[in-house]
Amino acid sequence: MSWVIALAAGALFATGTYLLLSKLLSRIIVGLGLIAHGANLLLLGSGGEPGAPPILDGAASGPISDPLEQALVLTAIVITFGVTAFLLTLAYRSWTETGLDEVEDDVEDRRIASRRQR
Amino acid sequence: MIVRFSPLLATGARTMVPTLVLLSLYLLIVGHDVPGGGFAGGLLASTGLLVMFLAFGERGLRRALPIDSLVVIGVGLLLAVTGGLIGIADGSAFLTYTFASTDVPVFGQIKVSSLLVFDLGVYVLVIGVVETALQRLGGEAP
Amino acid sequence: MKTLATLPVIIPIAAAALALVSIRRPLVRRIVGLASSVAYLAIAVWLVIAVDGSGTIVAAQGDWPAPLGIPLVADRLAVLLLATSAAALLAVLVYAVAKPDTDTDFPGFHAVYQMLAAGVALSLLTGDLFTLFVAFEIMLTASYVLITYRAGGSETRSTITYVVIGLVASALLLTAIAFTYAVTGTVNIADLTDKLDNVSPGYRAGLGWLLFMVFGIKAAIFPLFFWLPDSYPVAPAPVTALFAGLLTKIGVYAIVRTQTLLFPSDGPATFMLVVAGFTMVVGVLGAIAQKDMKRILSFHIVSQIGYMIMGLGFFTVAGVAAAIVFIVHQIIVKAALFLVGGLVEHTEGTGAIDAVDGVARRSPLIAVLFLPAAFSLAGFPPFSGFVGKLALIESGFDAGRWVVVGVSLFASVLTLFSMTKIWSGVFWGRPGTGPKTAIPSGMAAATAGLVVVSLAVALGAEPLLQYAERAAGDLLADGAYRDVVFGGRG
């Protein structure tokens, strides 16, 4: 795996995790997107050395690059895209209902906090 | 609320959309052994939908595709499953495919794979999904 | 023959498509959904008989031979869980159809439900790590829709937690797959059993732990369970029942599948037992602290997952077999209990222990349905939970793991305590005088069906245990899985 890819994936995971810890839903979604990109990049880097395009009747001379991990990554991207779109819709709904972009605390946490205040 | 659409975009859309759809159909048909296929074709065709939406709003979307978008998704899924079942009808496993090539006078030799049905399903499905997204998310903010 | 192993995936997808096409015809949608689920169950039962009689069925999709294509591998474990899941899916669907507001709330319900069934079948049957990821995504995406369609206001937040956790777990699974592919050059499970032997032990152990953690999030093991009790109770009753019965168990199945086949020599066995112990105790303690039927039961899901991990952690044929029996028992009983919880909510309007009283007097039928399921969960003889727990404890003694067995017995006592809490809180006491909604017969029948199945599991304990031992033997026999998948080429 090229070290550039490894480094980029690491950076994506790190920033994604940082954003995930935020309280704003929009940031969480961006963070999730970044983590998914990191995973996809890792998957892309997990194949062998790069080479000629792996097309059936393309007159490739020399080694061709591994088509499998490209197929895998394409599938993964489509899935991530779909689910992220769904999550955005959910965030939109939450925003239209409550006007808030914030993810509140855990239900239990809030219950305990309110009990302590009493 | 009255939304004004750009006449420039509206004029452009009239020529752009048919071209996009034609190109997407090309991608769909050649997809079995050169880059292209149902997914890429479907996405390109849905760009056509997107242009219609931008140029004419929801009315344009309805005019371009006057069917319920969920039904479109269902038809696409059904086609895709049928395409996979052709292999079973042939006596082999699910998703097995066969080729047939014919000489068409003007276009030269054309290869048709039985997976074209599957690809067509994906094509329709992608269009349905994009249309649903445009309808549900493209409206005005409440 | 081979096609039959593919049908549990194809039929629900086709049914989902038909349900979408007939989105404006509620009756057609219902018939399509029910017909698909009945066919699914019939094929699954047929597969159990066929696979037990004549061995694992391997269906190579697209006729591509094993290491290249994606095989569907119907072995004993997969088809047993498929049949159990099919029973739960059918019962919950009947309940949902009978429940007056399911269809009107959400016209896409049947399409999504069938996609979830397809995802479950694909997760169980696939012989390919990446397809397992795709199957999980199909299943989880469907579950995202089902859990959110009715949520409003503050409930939306709980469901967002569920979706976000699901997405993080998926990204981590993808990472694990990328690492696996980088060191072995394959994602085919049968091929991996062999090729992972050539990987350095440290790396292999790392992969094993990563996969354990990823599926552990989906299975809700300690300390990765926090999302479950928060989000499950939000969904409508049939959806919660389905999730409680199936989703976490598919996570456990993935743990069993990957740890036994891919990392048999260096599975984190002792670590697993520690995790199992904590999962049991923390889950049940959480349940004791709750005051709502659905929330109590949600914490019990977590607690019971610990028993399954414990059986796997013994890494003996008897232990894995006991875990398999326990999974079967749990799928049925958990779904049944949540359906009973749904019945209480339906008649009384709420499932809060303080608010409801005397259901045993007001609706004796619900009490009759609740008792066997609750006793079964607590592990009372002669119910199905007793069978599973006895097998687990015996195998634990044989493996010499005294401590964790002791912990599991302790957790059992607490489980019984928390069941009596529901009983005394909801069913006993002076019957309230508030308005009462009648139960549609379909809902009662579906719940009763599941309770009967759970009793049947208890009655057929001996053959089931023997079957599970054969299934566990298949998993732990060195190279057996590989030989079958690669032998299926001709």
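Order of the sequence lines fixes the chain letters, A, B, ..., with proteins taken first and strands second; residue numbering starts at 1 for each chain. If you're wondering where the values come from, they're calculated on a predicted model, not measured in any experiment.
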Side chain / backbone / both / neither for C:Tyr144 at chain A, heavy atoms under 4.5 Å = both
Which region of A:Leu32, side chain (C-beta onward) or backbone (N, CA, C, O), has a non-hydrogen atom less than 4.5 Å from a non-hydrogen atom of chain C, or is it both or neither?
-> side chain
Verify the neighbour count for atom OH of A:Tyr18: are there more than 12 heavy atoms of other residues, nucleotides or ligands below 6.0 Å?
-> no
Heavy atoms from other residues, nucleotides or ligands near CZ of A:Phe86 exceed 12 (cutoff 6.0 Å) = yes
Which residue out of [options] racks up the most heavy-atom pairs below 4.5 Å with chain C?
{"options": "A:Asp66, A:Thr17, A:Val73", "value": "A:Asp66"}
{"options": "A:Ala36, A:Ala76, A:Gly38, A:Gly31", "value": "A:Ala76"}
{"options": "A:Leu44, A:Thr80, A:Val83, A:Ile29", "value": "A:Val83"}

Which value, rounded to the nearest 0.5 Å, describes the distance between [X] atom [atom1] and [Y] atom [atom2]?
{"X": "C:Ile160", "Y": "A:Leu90", "atom1": "CD1", "atom2": "CG", "result": "4.5 Å"}
{"X": "A:Ile28", "Y": "C:Leu167", "atom1": "CD1", "atom2": "CG", "result": "11.5 Å"}
{"X": "C:Tyr181", "Y": "A:Leu68", "atom1": "OH", "atom2": "CG", "result": "4.0 Å"}
{"X": "A:Ile77", "Y": "C:Leu174", "atom1": "CD1", "atom2": "CG", "result": "9.5 Å"}
{"X": "A:Ile35", "Y": "C:Thr175", "atom1": "CD1", "atom2": "OG1", "result": "8.5 Å"}

Who are the side chain to side chain contact (heavy atoms under 4.5 Å, CB included) partners of C:Val134, not counting sequence neighbours?
-> A:Thr75, A:Ile79, C:Phe130, C:Ile138
Side-chain heavy-atom pair A:Leu20, C:Val164 within 4.5 angstrom cut-off =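 Yes, close enough: below the 4.5 Å cut-off.
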Taking all non-hydrogen atoms of both residues, which atom of A:Ser46 and which atom of C:Ala178 are closest, and how far apart?
->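 So the two residues come closest at CB-O, 3.2 Å.
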What is the minimum heavy-atom distance between A:Ala39 and C:Ala171, and which atoms define it?
->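 That would be CB-O, 3.6 Å.
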Pick from C:Val145, C:Val187, C:Thr141 with the largest number of heavy-atom pairs that fall under 4.5 Å of chain A | C:Val145
